[in-house]
Structures are given as C-alpha cells and as structure tokens.
Enquirer: 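Before I ask anything, let me first share the structure, which is written out below as structure tokens.
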Amino acid sequence: MNVKSLLVLGAVGTFSALSLGVASAMDTHLVIKPELKLDPAMVELGKKLYFDPRLSASGVISCNFCHNLSMGGTDNIPTSVGHKWAQGPINAPTVLNAQHQVAQFWDGRAKDLAEQAKGPIENPMEMASTHALAIETIASIPAYRAEFKSVFGDDTVNIDRVADAIAEFEKTLVTPGDRFDQYLMGNKKALTAQELKGYELFKEIGCQSCHTGPRFGGENYTKMGMVEPYPTSNPKLGRFEETGKEEDKMVFKTPILRNIELTYPYFHDGAVWSLPEAVRIMAKHSIGMTLTKEQTADIVAFLKTLTGPQPKVELPILPPSTEMTPTPTPFE
C-alpha cells in the first residue's frame, strides 16, 4: 500500500469491521437495509404520483421517465430527455437507495427526497409545468382527493403533500441482499476470490475514502479530478453553482455504487458507457494511479457484487381525468 492510500484511508476511520466482525479493519461499509417505518397508504399514493405523467405540462413525462424502475432507477442515456425533446444538462442519478444521502441532485441543491421531487415538475427543461398547474390537475381528480383525505386527514392537495407522498414511495426502492451484503453478514463464500481481491484493492488504493457507507457513496462531496483534471464538454460545475466558491468547481455529490453495473453511462456528464473504463478514469484522475488490466477487472468484478434484487413494483392503475382536469399541451 502506498503512502497516499494510507493517508486517505486513515482519514476515513473504521466502524463497520468492529460491529460486523467480518471484513478487514479498513472497512467503512454497512449492509443496505429496507425502510421500516413507512405509511402504506402514502406509499401507494406516492407510487401513483411517481408514475403519473399528468404532473408534466405535456402529459407525457413522469418521474419514472428519467428514473426508470425497469432500468436501475435511471434512464441509461448520457443526459435526460425533457419537455419537447430538450436535452438535459446532466446525467440522471439512480433513484434506488436514494434515501439518507447527504443531499439530492449532483450539486446537492435539495436537502431530501421530498424537496427533490418538487424540482423537475416546474423545471422548463424537464416536466415544464408549474406547481400550481400540477396541483390543479391532481385536485381535479376525485379518486386522488379521496386518497389524499385517507393519507393526510383531509382532501387538500398541495405541492408539499405531493412531494411527501412521492418521497414515501421512493423510500421503498432499496436493494438489500446483494452478494456483498451477504458477505458482510457473515457468508464468506458469497464472493469469489477475484471479487474479494477486487474489494481489497478498492480499499487499498483509496476508493472507499469517497465511496463509503451502506450505499458506497452519497454521503459526501468530492472533486471530479482531484489529481488530474477530468476532461469534459459538460458545462455543469457542481457545488460551485450553489455556493459560488471557487474551490467548489467540479465538486459533486459522490455517486452511489450500489447497482453500478445497471446505471450506465457514468459520471455527471454520462460520457462513459463502460464500467472498466469508468474505473480506470477514476483511478487516474482522482487517485493518480494507472491500473493494470487485471486490477481493473478485479475491481469491476467486485463492483458487480453490489447489484441487488431490484424492487418489485406493480404498475399502478391511475385514476382517470375529469372534465375539470386541465388538458395536456404536448406540442406547445
């Protein structure tokens, strides 16, 4: 292990190895656990709203449009398609295991899932509606008002309640039980020799200094290209756009590595389609290390053990619009 790696890892601290008694003393990872305290009625309401394209001006774009639950909770394109085929400015992060992160969005501008859910509705490049129009639409549907009354105690529809319900549903989108979780829980046969080798290398070279915690990310902000600038044509500058601080240029929320083999293309610009290439780029630009082909293959083998059982979500039947429901404007 080199001096740089020792310094990086030493700053992280150790907690999971002591509590789990399984992995080495440098571990900073824990198993993914499902949310336990959820309101079933609110979850069901939130699921309908998550899949309802009527929250958009066009009547076409739902939350699932960019965070497709059939595709790892993302859309598997470099940057998302929005209203009237607008090209989004940044890669869509996965919605899987998104709860309990330091913040939401790459630049951390939303404090939690509920606040995040409000943003795309009124973003002119995404759903291109307004909160007022979205609320008018949902409130015009008696079946929705009945569900709001059941969940909240009265049938008032407002943006906070819509966002809270969507967030409650999103909290169910966890993927516990992958092979790495099985290893952490004591099944030492859950990983192959190559995968274990890749995990040890992942820790040794300092990857876990940023990709830490149960999600292997989402708990901090890191500079994209800490050692060598990352070349990109994407104009987004990360935390700088929120703080205005020069040192926050190219600083982004550390992406989650759980289910990473499903959430291509990679990085904030979605420029890299290959997981081995993404590993090599991160090692070069953020650690200052050139990985061999074998080292890359070992780390990739380990990362694939983080793919968990995908949420089983039954497609909801949405309540029909009424004569009072604002009509969509897909071509305006």
Side-chain angles (χ1 to χ4, degrees), residues 38-71 73-75 77 79-89 92 95 98 104-105 109-110 112-173 311-332:
L38 295 174
D39 180 339
M42 187 183 290
V43 168
E44 186 61 27
L45 172 60
K47 180 168 72 170
K48 288 186 175 73
L49 294 169
Y50 184 90
F51 282 96
D52 200 328
R54 289 171 294 189
L55 288 175
S56 68
S58 65
V60 173
I61 300 174
S62 68
C63 302
N64 194 64
F65 189 85
C66 296
H67 302 283
N68 194 320
L69 301 183
S70 298
M71 303 168 67
T74 183
D75 52 17
I77 54 178
T79 62
S80 296
V81 173
H83 186 67
K84 297 175 68 174
W85 289 96
Q87 181 179 352
V95 73
Q104 299 294 323
F105 294 115
R109 66 184 182 273
D112 55 27
L113 290 175
E115 187 170 315
Q116 185 279 330
K118 298 176 186 178
I121 293 173
E122 62 179 2
N123 187 315
M125 295 184 67
E126 296 184 55
M127 299 171 92
S129 186
T130 64
H131 288 166
L133 178 58
I135 295 312
E136 181 185 356
T137 298
I138 298 303
S140 72
I141 301 171
Y144 264 137
R145 291 202 308 275
E147 285 198 60
F148 273 79
K149 183 174 182 178
S150 174
V151 170
F152 296 105
D154 61 66
D155 66 357
T156 301
V157 180
N158 59 46
I159 193 61
D160 289 333
R161 288 180 171 184
V162 167
D164 286 344
I166 292 173
E168 193 80 349
F169 167 66
E170 290 177 337
K171 292 174 187 177
T172 70
L173 304 176
K312 303 298 183 184
V313 179
E314 183 177 348
L315 195 66
I317 302 301
L318 303 179
S321 299
T322 69
E323 291 182 359
M324 301 300 294
T325 304
T327 55
T329 55
F331 307 111
E332 295 180 14

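For clarity, every value in this text was computed on a predicted model and none was experimentally measured.
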Enquirer: Where do H83 and P124 come nearest, in terms of heavy atoms and distance?
Expert: CB-O, 3.9 Å
Enquirer: Between V95 and N64, does a side-chain contact (heavy atoms from CB on, under 4.5 Å) hold up when you go through it step by step?
Expert: CA-CA 9 Å; V95 73; N64 194 64; over 6 Å; no
Enquirer: Using only atom types and a distance under 3.5 Å, with no angle test, would you say the side chain of T322 pairs donor to acceptor with the backbone of S140?
Expert: yes
Enquirer: At their closest point, which heavy atom of A134 faces which heavy atom of S129, and how far apart are they?
Expert: N-OG, 3.9 Å
Enquirer: In Å, rounded to the nearest 0.5 Å, how long is the span from CZ of R109 to CD of E115?
Expert: 10.0 Å
Enquirer: Please check: side-chain N/O of S56 versus main-chain N/O of M127, any donor-acceptor pairing under 3.5 Å?
Expert: no
Enquirer: Verify, without hydrogens or angle tests, whether T74 (side chain) and A92 (backbone) share a donor-acceptor contact under 3.5 angstrom.
Expert: yes
Enquirer: Looking at I317, I'd like to know if its CD1 atom is crowded, meaning that more than 12 non-hydrogen atoms belonging to other residues, nucleotides or ligands lie closer than 6.0 Å.
Expert: no
Enquirer: Ignoring hydrogens and angles, tell me if any N or O in the side chain of N158 forms a donor-acceptor pair with the backbone of I135 under 3.5 Å.
Expert: no
Enquirer: With no hydrogens and no angle check, just 3.5 Å: does a side-chain donor-acceptor pair link S321 and R54?
Expert: yes
Enquirer: Could you tell me which residues satisfy salt bridge (charged side-chain N to carboxylate O under 4.0 Å, His left out) with D39, sequence neighbours excluded, listed by chain and number?
Expert: none
Enquirer: If every non-hydrogen atom of K84 is compared with every non-hydrogen atom of E332, which pair is closest and at what distance?
Expert: CD-O, 3.4 Å
Enquirer: Which heavy atom in V81 sits nearest to a heavy atom in F65, and how many Å separate them?
Expert: O-CE2, 3.3 Å
Enquirer: Within this structure, what is the CG-OG1 distance for the pair N123 and T130, rounded to the nearest 0.5 Å?
Expert: 13.0 Å
Enquirer: Judged by atom type as modelled, is there a donor-acceptor pair below 3.5 Å linking the side chain of K118 to the main-chain atoms of A110?
Expert: no
Enquirer: Taking atom CE of M125 and atom CD of Q87, what is their separation to the nearest 0.5 Å?
Expert: 7.5 Å
Enquirer: Show your reasoning for whether side-chain contact (heavy atoms from CB on, under 4.5 Å) applies to Y50 and V313.
Expert: CA-CA 12 Å; Y50 184 90; V313 179; over 6 Å; no
Enquirer: Which heavy atom in P89 sits nearest to a heavy atom in T79, and how many Å separate them?
Expert: C-CG2, 4.0 Å
Enquirer: Please examine the side chains of E170 and H67, heavy atoms only from C-beta on, and report whether any two atoms are closer than 4.5 Å.
Expert: no
Enquirer: For the SG atom of C63 and the NZ atom of K47, what is their distance to the nearest 0.5 Å?
Expert: 14.0 Å
Enquirer: Among V162, L49, V157, T137, which one satisfies side chain to side chain contact (heavy atoms under 4.5 Å, CB included) with Y144?
Expert: L49
Enquirer: Rounded to the nearest 0.5 Å, how far apart are CD of E314 and CD of E44?
Expert: 8.5 Å
Enquirer: Could you please spell out the steps behind the side-chain contact (heavy atoms from CB on, under 4.5 Å) verdict for L55 and I166?
Expert: CA-CA 12 Å; L55 288 175; I166 292 173; 4.2 Å; yes
Enquirer: Does a donor on one side chain and an acceptor on the other come within less than 3.5 Å for D154 and T156?
Expert: yes
Enquirer: Can any side-chain N or O of E126 pair as donor or acceptor with the backbone N or O of G119 at less than 3.5 Å?
Expert: no
Enquirer: With side-chain contact (heavy atoms from CB on, under 4.5 Å) as the criterion, how do L318 and I141 come out once you've worked through the C-alpha distance, each side chain's angles and the decisive distance to 0.1 Å?
Expert: CA-CA 10 Å; L318 303 179; I141 301 171; over 6 Å; no
Enquirer: Looking only at heavy atoms, what is the nearest atom pair of P330 and S58, with distance?
Expert: CB-O, 3.6 Å
Enquirer: Is any side-chain heavy atom of F152 closer than 4.5 Å to a side-chain heavy atom of M42?
Expert: yes
